[in-house]
A.B. asks: 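Quick one: the structure is below, questions incoming.
Per chain, numbering begins at 1; letters A, B, ... match sequence-line order. Only this structure's heavy atoms are used, side chains among them; waters, hydrogens and symmetry mates stay out.
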Amino acid sequence: MSRFFKAEITGVKLLNADFCILDIKPQGSHDTPLPGQFYMLQSISCYDPLLKRPFSIFRSTDDTLSFLFRIRGKATQILSRLNTGDVIDVIGPLGSSYPEPEGDFVAVAGGVGVASLYNLIEKYKGRAHFFYGAKTKEELVLVDNIRSLSKELTLVTQDCSCGVGGLVTDACADAICVTDSMLKGLHVYACGPNPMLKALNTRLAGKGVNCYVSLEENMACGVGACLGCVVKGINEYKRVCKEGPVFSMDEIQW
Amino acid sequence: MVNLAVNIGGLKLPNPVVTASGTFGYGQEYSEFFDIEKLGAIVVKGLSYSPRQGNPPPRLVETPAGMLNAIGLQNIGVETFIKDKLPYLRTLKLNVIANFFGDSIDEYVMAAEALTKAGGVHGLEMNISCPNKKAGWIVFGTDPAVMKDVVTAVRKATDLPLIVKLSPNVTDIGLMAKVAEDCGADAVSLINTITGMCIDINSRRSKLANVTGGLSGPAIRPIAVRMVWEVHKAVMIPIIGMGGIMTAQDALEFMIAGASAVSVGTANFINPQAVIEIISGMEDYLKEHGIANINEIIGSLKT
């Protein structure tokens, strides 16, 4: 079983102008991914873009891997324009995964960070207090699915176009930081832009919460060799592709 | 049957394809993707005598048909390499070339001595594209006089085949190769990355925390091939050619220009089995052209 394989495109679904779901069918056997792990994807034989791009696993079944991503640059544009039957190069599953939650848990997603948490709430159905934030209503995707998989869903938009107005980190912290005893041992999982994760750390650090964050960095190899994707840990640099992408919040120097 | 074996300054390689330092870790990272004993040699991630933290992130950015990196030579240090990484490599039937560097001549010498004594290292590649702390941070490999001192000192410190990895950020790379040869280097490897920059026009900041970085990938290949050709004309010692090699065809260009072996770097990131495909592609080329021995094509450029 090799983690480097070819896969056939079995579905390309545009949720709106910016968000795409790509379904691929690996050729040959492949490892089952855990929530939080990622894959390097690349449409074949092209030097520009040159490198594979890392994508968190969004959903997986026995024969299909799905990725939800935002169309932002050349690489994601190319992936979003692939046709059923096209073949791409894949490396994965890679990196660390979200540790198993105990009881009910909290999930905090910012923007396309929802992709990596979706897999977690689907695996642990009906147990997530899900806080899902974006800049605008248009950037909130798959809301009905997420609601049905969660115990409770709170939507947050920065422009107040939907749900609670403001930042998702504040909405989450305001809701869960009611009493200290509520927080002890609580599992919180977060994925989103770095400023969001940093703000979450500011609100939750030192309160006894088990908080796990999924980080993103530019990446070349995905397997721990190039040392290009590091982030500042407490004592040393940590590779997002190897020690991460999921880190315990207190391992990272914010 | 074609013969792919080449000799790099006394180091006998079963085939001319080696990994470029910093793109292949210490071997184990890629051992799940193919049998790494099939490599001509492994060149491990650059080592300094003491461990280094490297540069702050972001450390890499993609550019057209290439990538800029500013890892900052992060590494575990010679001692940890010998203790934790070398035992695995010793279990393999594989040539191990240790890439190393320092920020002073003393540090180069200490690293070279320790790696030579360790046992299980078959060759040394010295990276001279780093600044000299004691000489106003002049990059060793860009000043012939500074380079002469460091190569001479390292030559005295080791009896292993010594490869000097040349910087392309110089006016006359042939001259630098000649300096290395005159100081007793057994081979030269080239090119190291070309210094470059990439700017985010909205924030007006460099996309790398270090501001500048080293460009690699197919974008630099024509420059690298030209430099190999220039060095081939300037020295007698063997050349390991590198710079954006993605396929066997690319590798053969370097060999025709004068390289006795080739190093594959950025391609490993895109295709973890690239080196294996390059080796078998070379074999196919020789068969198709009725050439029995790869050495026949080295430096065979018609002008």
A.B. asks: Can you tell me how far CG of A:Leu227 sits from NZ of B:Lys45, rounded to the nearest 0.5 angstrom?
C.D. replies: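 That separation rounds to 5.0 Å.
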A.B. asks: Ignoring hydrogens, what is the shortest heavy-atom contact between A:Tyr47 and B:Met246? Give both atom names and the distance.
C.D. replies: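 Distance-wise, the nearest heavy atoms are OH-CB, 3.1 Å.
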A.B. asks: Within a reach of under 6.0 Å around CZ of B:Arg90, are more than 12 heavy atoms found that belong to other residues, nucleotides or ligands?
C.D. replies: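 Counting other residues, nucleotides and ligands, CZ of B:Arg90 exceeds 12 neighbours.
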A.B. asks: Find the distance between SG (A:Cys221) and CD (B:Glu29) and round it off to the nearest 0.5 Å.
C.D. replies: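 The distance works out to 8.0 Å.
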A.B. asks: Has A:Gln253 got more than 12 heavy atoms of other residues, nucleotides or ligands less than 6.0 Å from its CD?
C.D. replies: yes
A.B. asks: With a cut-off of 6.0 Å (strictly less than), are more than 12 heavy atoms of other residues, nucleotides or ligands near CD of A:Glu216?
C.D. replies: no
A.B. asks: Which heavy atom of B:Pro64 sits nearest to which heavy atom of A:Asp48, and what is that distance?
C.D. replies: CA-OD1, 4.1 Å
A.B. asks: Does any heavy atom of chain A fall under 4.5 Å from the side chain of B:Thr19, the backbone, both, or neither of them?
C.D. replies: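 No part of B:Thr19 comes within 4.5 Å of chain A.
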A.B. asks: Against chain B, label A:Glu236 side chain, backbone, both or neither, depending on which of its atoms sit under 4.5 Å from a heavy atom there.
C.D. replies: both
A.B. asks: Using a cut-off of 6.0 Å, state whether more than 12 heavy atoms not belonging to A:Asn235 lie near its atom CG.
C.D. replies: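 No, not enclosed.
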A.B. asks: Do B:Leu60 and A:Cys226 pass the side chain to side chain contact (heavy atoms under 4.5 Å, CB included) test, and can you show the C-alpha distance, the side-chain angles, and the key distance before you say yes or no?
C.D. replies: CA-CA 10 Å; B:Leu60 67 85; A:Cys226 76; 4.1 Å; yes
A.B. asks: Hey, mind stepping through B:Ile270 and A:Gln42 against side chain to side chain contact (heavy atoms under 4.5 Å, CB included) and telling me if it holds?
C.D. replies: CA-CA 9 Å; B:Ile270 294 134; A:Gln42 182 173 42; 3.3 Å; yes
A.B. asks: Pick one of side chain, backbone, both or neither for A:Val230, based on which atoms fall under 4.5 Å of a heavy atom in chain B.
C.D. replies: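 Both backbone and side chain.
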A.B. asks: Any chance you could lay out the side chain to side chain contact (heavy atoms under 4.5 Å, CB included) test for A:Arg53 and B:Glu62, step after step, and finish with the verdict?
C.D. replies: CA-CA 11 Å; A:Arg53 294 290 189 274; B:Glu62 186 170 322; 2.8 Å; yes
A.B. asks: Starting from the C-alpha separation in whole Å, work towards a yes-or-no answer on side chain to side chain contact (heavy atoms under 4.5 Å, CB included) for A:Lys52 and B:Phe269.
C.D. replies: CA-CA 8 Å; A:Lys52 291 184 163 52; B:Phe269 303 151; over 6 Å; no
A.B. asks: Given heavy-atom pairs under 4.5 angstrom as the criterion, report whether the side chain, backbone, both or neither of B:Asn268 touches chain A.
C.D. replies: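 Neither; nothing under 4.5 Å.
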A.B. asks: Please identify, among A:Val223, A:Leu51, A:Asn218, the residue contributing the most non-hydrogen atom pairs under 4.5 Å to chain B.
C.D. replies: A:Leu51
A.B. asks: Looking at OH of B:Tyr30 and CZ of A:Phe4, how far apart are the two atoms once the value is rounded to the nearest 0.5 Å?
C.D. replies: 10.5 Å
A.B. asks: So which atom in B:Thr23 and which in A:Ala225 form the shortest heavy-atom distance, rounded to 0.1 Å?
C.D. replies: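 B:Thr23 and A:Ala225 have their closest heavy atoms at O-CB, 4.1 Å.
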A.B. asks: Could you tell me which non-hydrogen atom of A:Gly228 sits nearest to which non-hydrogen atom of B:Arg59, and how far apart they are?
C.D. replies: O-CB, 3.5 Å
A.B. asks: Return the option, out of B:Gly25, B:Pro58, B:Ala65, B:Gly72, with the maximum number of heavy-atom pairs under 4.5 Å with chain A.
C.D. replies: B:Ala65
A.B. asks: If every non-hydrogen atom of A:Tyr237 is compared with every non-hydrogen atom of B:Gly54, which pair is closest and at what distance?
C.D. replies: CE1-O, 3.7 Å
A.B. asks: More than 12 heavy atoms of other residues, nucleotides or ligands under 6.0 Å from CZ of B:Phe81: is that the case?
C.D. replies: yes
A.B. asks: Measure A:Met40 against the heavy atoms of chain B and call it side chain, backbone, both or neither at under 4.5 Å.
C.D. replies: neither
